[in-house]
Amino acid sequence: MNELLAVVGSVTGATGILRDLKRKGYEKVVVVNTPNSLGNGGCSYSVKFREEIKAEFFEAARRRRVKIRGVYKIFKDERGESIYESVSW
C-alpha cells in the first residue's frame, strides 16, 4: 500500500489531524519531523498516512483549517532510503 507524507506548518495542526483520523479508526497514521530534503529550513511537521485515506486526511485538515505545504508519495530506493515524489492534491 502506498504511503503519503503531508507537510504541515505546526505540530498542533499535525497532531489535531492525527487525533481526528485515529478516532475514525485509522491506525496507520503518524506525525513525524519533516525530512530535511522537504523542509524549508525551519522546523515543520508532517503526517504520514496510507493513500487510501487521502480524502479523510484532507477533510480533517479542512475542518481544522490546517495549511498543507505539500504532499509527497514515499518510495524506497535500492538501499531502503526514502525518496519523496510530489503529488498533486
Side-chain angles (χ1 to χ4, degrees):
M1 204 46 56
N2 291 327
E3 286 190 308
L4 298 177
L5 187 77
V7 179
V8 180
S10 72
V11 69
T12 304
T15 56
I17 293 169
L18 172 76
R19 276 193 303 270
D20 289 354
L21 293 174
K22 293 267 186 182
R23 278 189 202 124
K24 289 186 170 204
Y26 300 112
E27 294 299 320
K28 300 289 184 178
V29 181
V30 294
V31 172
V32 297
N33 288 324
T34 301
N36 290 337
S37 61
L38 302 179
N40 58 1
C43 296
S44 69
Y45 292 86
S46 295
V47 180
K48 185 161 64 166
F49 57 96
R50 292 191 176 191
E51 191 169 19
E52 70 256 17
I53 67 163
K54 185 166 80 169
E56 291 86 349
F57 169 84
F58 284 110
E59 177 59 24
R62 186 195 61 74
R63 271 195 320 273
R64 290 187 169 269
R65 296 187 175 119
V66 174
K67 182 179 179 187
I68 306 300
R69 296 182 176 175
V71 179
Y72 302 86
K73 189 175 279 195
I74 304 169
F75 297 96
K76 298 287 184 180
D77 67 11
E78 62 277 352
R79 296 183 315 239
E81 297 196 21
S82 295
I83 299 170
Y84 304 96
E85 179 182 287
S86 181
V87 296
S88 60
W89 44 283

Could you pull out the closest heavy-atom pair between Phe58 and Ile68, with the gap in Å?
-> CE2-CG1, 4.3 Å
Taking all heavy atoms of Arg23 and all of Arg64, pick out the closest pair and write down the distance.
-> NH1-NH2, 4.5 Å
For a quick test of your reading: what N or O donor-acceptor pairs under 3.5 Å do the side chains of residues 6-19 make, sequence neighbours left out?
{"unit_1": "Ser10", "atom_1": "OG", "unit_2": "Gly13", "atom_2": "N", "d": "3.0"}
{"unit_1": "Thr15", "atom_1": "OG1", "unit_2": "Val11", "atom_2": "O", "d": "2.9"}
{"unit_1": "Thr15", "atom_1": "OG1", "unit_2": "Thr12", "atom_2": "O", "d": "3.2"}

Contacts of Arg79 meeting salt bridge (Lys or Arg N to Asp or Glu O under 4.0 Å) (sequence neighbours excluded), chain-then-number -> Asp77, Glu81
List for me each residue that meets salt bridge (Lys or Arg N to Asp or Glu O under 4.0 Å) alongside Glu56, sequence neighbours excluded, and say none if there are none.
-> none
Considering residues at least two apart in sequence or located in another chain, which fulfil the salt bridge (Lys or Arg N to Asp or Glu O under 4.0 Å) criterion with Lys48?
-> none
State the CG-CZ distance between Asn2 and Phe49, to the nearest 0.5 angstrom.
-> 11.5 Å
In terms of heavy-atom contacts, Ser88 and Lys54 come closest through O-NZ, 4.4 Å
Report yes if the side chains of Tyr45 and Val32 come closer than 4.5 Å at any heavy-atom pair, otherwise no.
-> no
With sequence neighbours left out, write down each residue that passes salt bridge (Lys or Arg N to Asp or Glu O under 4.0 Å) with Glu78, or none if nothing qualifies.
-> none
Pick one: which of Thr34, Val71, Val30, Leu38 meets side-chain contact (heavy atoms from CB on, under 4.5 Å) with Leu5?
-> Leu38
Identify, with sequence neighbours excluded, every residue that meets side-chain hydrogen bond (donor to acceptor under 3.5 Å, both in side chains) alongside Lys76.
-> Ser82
Over 12 foreign heavy atoms within 6.0 Å of NZ, Lys22 | yes
Tyr84 versus Ser37, closest heavy-atom pair with distance | CD1-OG, 3.9 Å
Report the distance from atom CD of Glu85 to atom CD1 of Ile74, rounding to the nearest 0.5 Å.
-> 12.0 Å
